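Numbering starts at 1 and runs along the sequence shown. Worth saying up front: this structure is predicted, and the values here are computed from it rather than measured.
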Amino acid sequence: MFLGHYAVALAAKRAAPATSLGTLFFASVFIDLLWPMLLLAGVERARVDASIGGLAPLVFEHYPVSHSLLMVGVWALLLGGGWYAAMRDRRGALVVAALVLSHWLLDALAHRPDLLLLPGGDTRVGLGLWNAPLASAVAELGLFAGGVLLYARATRGRRRWPLWALCALLLAIFAGDLVGPPPPSITAVAWAGLAQWLLVAAGWWVDRPVAAGAMAAQPTH
């Protein structure tokens with residue numbers, strides 16, 4: 001799942017219009033920003049296996065800190081609580097927490113049964129949409145189209161070219177994942193995952209003219 005996470009963040013702008021798209025992106029992909037760091041540190045484990053077919057030729061051997069349901073709930077509370085403490089924005093905090101949780105729910109649709117419910121537990125879930133590449137691609141593109149539409153409606157009257165540029169970038173990455181060769185190593189996967197920080201920055205950039213306009217409209221003291 002790639003586009004789906006960003007789609008949910010785009011759609012969430014309607015629920016939290018005062019929250020930057022960069023923050024929404026950060027919340028929606030937080031556990032995929034955490035996972036590569038834990039992977040490179042040796043805390044969690046995964047490997048590339050091109051023989052398994054379908055999308056994402058990855059075997060997630062051990063990732064309870066970043067991707068177990070219980071820990072994702074903990075991360076959601078921490079990020080939502082942190083946002084509220086910093087901004088005193090209850091709606092934004094709830095949306096941030098919900099986006100963190102949404103990541104696990106979308107992963108449960110896409111992943112093979114490798115997502116733990118509890119760290120140290122044995123129950124693993126995953127509906128395995130990755131095993132049907134066409135259905136997976138259609139589902140993600142549908143989510144993305146819906147997310148972009150909701151974002152556009154929530155930001156009417158604003159410049160559109162930054163949004164279209166961001167959409168083109170996300171679609172290009174998605175297409176590359178679909179038709180490209182398997183990753184050469186799990187280390188390469190980890191570094192590619194960390195590159196999503198650039199997409200978070202791009203989300204802030206897309207909303208930057210909005211923030212500047214809002215600040216200009218505020219009375220000075």
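The closest side-chain heavy-atom distance from F30 to L34 is below 4.5 Å. Using a 4.5 Å heavy-atom threshold, the side chains of Y63 and D114 count as touching. Counting heavy atoms from C-beta on, the side chains of M71 and P119 come closer than 4.5 Å. Counting heavy atoms from C-beta on, the side chains of V148 and C167 come closer than 4.5 Å. Here the side chains of L118 and T123 are not in contact, with every heavy-atom distance at 4.5 Å or above. At least one side-chain heavy atom of L143 sits less than 4.5 Å from a side-chain heavy atom of L106. Using a 4.5 Å cut-off on side-chain heavy atoms (C-beta onward), L199 and V29 make no contact. Side-chain contact between L79 and F26: present, with at least one pair of heavy atoms (C-beta onward) separated by less than 4.5 Å.
The main-chain N or O of P133 is never found under 3.5 Å from a side-chain atom of S136 such that the two would form a donor-acceptor pair. The closest donor-acceptor contact from the side chain of E44 to the backbone of S66 lies under 3.5 Å. The main-chain N or O of V65 is never found under 3.5 Å from a side-chain atom of S68 such that the two would form a donor-acceptor pair. Of the possible donor and acceptor atoms, one in the side chain of E140 sits under 3.5 Å from a partner among the backbone N and O of F2.
With sequence neighbours excluded, the residues that form a side chain to side chain donor-acceptor pair (under 3.5 Å) with S20 are W204. Scanning for side chain to side chain donor-acceptor pair (under 3.5 Å) contacts around R47 gives E61, with sequence neighbours left out.
Atoms CD1 and CG, on I52 and N131 in that order, are 8.0 Å from each other to the nearest 0.5 Å. L163 CG to L10 CG: the interatomic distance, rounded to the nearest 0.5 Å, is 7.0 Å. Separation of atoms CG (L105) and CG (L69) is listed at 7.5 Å; rounding is to 0.5 Å. Rounded to the nearest 0.5 Å, atoms OG1 (T23) and CG (D89) are 10.0 Å apart. Taking CZ of R124 as the reference point, atom CG of L116 lies at 4.0 Å (rounded to 0.5 Å). A distance of 7.5 Å separates CG of L141 from CG of L178, quoted to the nearest 0.5 Å.
In terms of heavy-atom proximity, A85 sits nearest to R88 at O-NE, 4.1 Å. When all heavy atoms of A12 and V95 are compared, the closest pair comes out as CB-CG1, 3.8 Å. The two residues A50 and P182 come nearest to each other via the heavy atoms CB-CG, 4.0 Å. Between D49 and S51, the shortest heavy-atom contact is OD1-OG, 2.5 Å.
Within a 6.0 Å radius of CZ in R90, other residues, nucleotides and ligands contribute 12 heavy atoms or fewer. Within a 6.0 Å radius of CZ in R160, other residues, nucleotides and ligands contribute more than 12 heavy atoms.
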| query | Should T155 and K13 be marked as a side chain to side chain contact (heavy atoms under 4.5 Å, CB included) after you check the CA-CA gap, both sets of side-chain angles, and the distance that decides it? | reply | CA-CA 8 Å; T155 56; K13 184 69 174 180; 4.1 Å; yes

| field | Stepwise side chain to side chain contact (heavy atoms under 4.5 Å, CB included) test for Y151 and D207 | value | CA-CA 11 Å; Y151 179 86; D207 263 5; 2.5 Å; yes

| query | Could you walk me through whether L101 and W75 pass the side chain to side chain contact (heavy atoms under 4.5 Å, CB included) check? | reply | CA-CA 8 Å; L101 284 172; W75 297 124; over 6 Å; no

| query | Given V59 and V48, is the side chain to side chain contact (heavy atoms under 4.5 Å, CB included) satisfied, shown in steps? | reply | CA-CA 6 Å; V59 177; V48 177; over 6 Å; no

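For an aromatic pair to be called close, the ring centres must be under 6.0 Å apart, and F144 with Y6 fails this. Under the 6.0 Å cut-off for aromatic ring centres, F60 and H111 qualify, their centroids lying closer than that. Taking the six-membered ring for Trp and the full ring otherwise, W205 and W161 have centroids separated by under 6.0 Å. The aromatic ring centres of H67 and W104 sit 6.0 Å or more apart.
Residues L40 and I186 share a single hydrophobic cluster, defined by chaining ILVMFWY side chains whose heavy atoms lie under 4.5 Å apart. Linking Ile, Leu, Val, Met, Phe, Trp and Tyr residues whenever their side-chain heavy atoms come within less than 4.5 Å places V72 and V43 in a single cluster. Both L117 and W35 belong to a common hydrophobic cluster when Ile, Leu, Val, Met, Phe, Trp and Tyr are linked at side-chain heavy-atom distances under 4.5 angstrom. Both V200 and L171 sit in one connected hydrophobic cluster of ILVMFWY residues. Membership requires side-chain heavy atoms under 4.5 Å apart, directly or through other members. Residues W83 and L94 do not share a hydrophobic cluster, clusters being chains of Ile/Leu/Val/Met/Phe/Trp/Tyr side chains in contact below 4.5 Å.
Residue V138 shares its hydrophobic cluster (ILVMFWY side chains chained together at separations under 4.5 Å) with L134.
For the residue pair T19 / R91, no side-chain donor-acceptor distance below 3.5 Å is found, with atom types taken as modelled.
In this structure, H103 and H5 have parallel ring planes: the angle between them is below the 30° cut-off, well short of the 60° mark.
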